Protein chains: 2
Amino acid sequence: MPRPRQPRLTRQLIVETATALIDAEGMPAFSTRRLAAELGVRGPSLYNHFATKDEILDAVADTVTGAVDTSGFAGRDWVAALRDWAWSYRRALTAHPNIVPYLAQGPGRRPAALAMADAVYGGLVRAGWPPARATHIGAALRYFVAGSALGSFARGFVEDPELYAAHYPHLRQAHRLAEHQQSVDEGAFALGLDALLHGLAAEYARTVDPVESGRPSG
Amino acid sequence: MPRPRQPRLTRQLIVETATALIDAEGMPAFSTRRLAAELGVRGPSLYNHFATKDEILDAVADTVTGAVDTSGFAGRDWVAALRDWAWSYRRALTAHPNIVPYLAQGPGRRPAALAMADAVYGGLVRAGWPPARATHIGAALRYFVAGSALGSFARGFVEDPELYAAHYPHLRQAHRLAEHQQSVDEGAFALGLDALLHGLAAEYARTVDPVESGRPSG
DNA sequence: ACCCTTAAACTAGCGGTGTAAGTTTTGCCG
DNA sequence: CGGCAAAACTTACACCGCTAGTTTAAGGGT
């Protein structure tokens, strides 16, 4: 089968199908041949549109990251901006949990990740944080979000009570974690995020703006 | 070459060599044949000691997690215990950054991870935290540590200034991140951890022990 | 209208992967 | 000392990422 009348593949179609495949069957099932089959095509044909498998994965990762909303940093309230961003970030990652491990490594070359870092850093500096602090805060939040999306705490547990009761005295109810997976993970994220922001606000009041802090901003 | 006088492989030797190989050359270079070659052996021989490749990786992951110190939870100061644990956890993971993505997924079956979760959960409950809260706190800290070890923020950036100056106005100095990689990551971790613990202490004072908080514990 | 370049699919194939199956020799136990 | 289990081996299968070369169609230039 030679060149068809109408191209059967486009970069966008490949990325969408790759995303769906990874979502549905996980990273190990994602091979170039499998993806090609899903597209009704023969494997090496993908290499007319992408140079390597990793290039496809980078495109998927960039699309996922592109869904994160950083518009809050345009406003004046940096705490609210961080909170909205973190939740949006988490939502984007948990929508495609299987690519998170890939996505979390080496974001420094992907445009969407850079745009996100730029927006966060700029917003924090504008709010008065010293540049070095702004970098640390952005990184710390990224750690927290990526970690929460990567290793769903609850998902790791198994529904077999016997496994835990014997050796881990305090985890007698750990098998219940598997049931309430989503609520445990979201609860842990909410608690941790609030604590983080609380601590950062205290640091801000102490070091950046001792005068204005505590008053209604204006 | 049949069965030798003295076995050339043991589970421990395999795990140690696997760890060294992953540390030195990364996860993609870790194949059963490559590992076997490193051990002076022929590939399938490994299957006399482990059923699958993943079983080897699980053993490596468990060893890494086993190095985490949770002894602080035996004491009375839960904040100090969390801090010590988090740093020890981070040290254990950053000592072997290449297996972190694997390690962070599905810890619910590995003994060392379960023992760690048990110690943390038990310590927090003993300190007065409600069980649900204790679960959330342990998970939140785990998110933060795993995220920090997984996606070294700075490592993602590249030493090419041109790449950032053009499109990301606030990242003009991002290429410097590559130089100060370790200090950026540690600084971000220290800042985030302190903020998290500060926020948790405030929550504790508000909901768990409004009377004792603020006084010297006794 | 024709040619020529380029695009986009194909087939064939290389070296590598995890792992199953069966073989051989050794050490140990009854 | 016979027999069994252990621990190495060889062979082989199906799959993997990717390269090379082939075939045909689309589209632009003269």
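Naming convention: chains lettered A, B, ... in sequence-line order (proteins, then strands); numbering from 1 in each chain. For clarity, every value in this text was computed on a predicted model and none was experimentally measured. FYI, side chains are in, hydrogens and waters are out, and symmetry mates aren't considered; it's all heavy atoms of this structure.
Taking atom OH of residue A:Tyr47 and atom P of nucleotide D:dG17, one finds them 6 Å apart after rounding to whole Å. Between B:Leu46 atom CG and C:dG18 atom C1' the separation is 11 Å, expressed in whole Å. The separation between A:Met27 atom CE and D:dC16 atom C1' is 14 Å, rounded to whole Å. Rounded to whole Å, atom P of D:dC16 lies 14 Å from atom CZ of A:Arg42. With rounding to whole Å, B:Glu25 atom CD is found 14 Å from C:dG16 atom P. Here D:dC16 presents its P atom at 14 Å from NZ of B:Lys53, a figure rounded to the nearest Å. The nearest whole Å value for the distance from the CZ atom in B:Arg33 to the C1' atom in D:dA8 is 16 Å.
Between B:Phe189 and B:Phe144, a ring centre-to-centre spacing shorter than 6.0 Å is recorded.
B:Thr32 comes within 4.0 angstrom of a base, heavy atoms only.
The side chain of B:His49 contributes no N or O atom lying less than 4.0 Å from OP1 or OP2 of D:dA6.
Remark: the A:Thr65 side chain and the A:Arg110 side chain contain no N/O donor-acceptor pair separated by less than 3.5 Å.
Side-chain N/O atoms of B:Asn48 and base N/O atoms of D:dA8 include a donor-acceptor pair closer than 3.5 Å.
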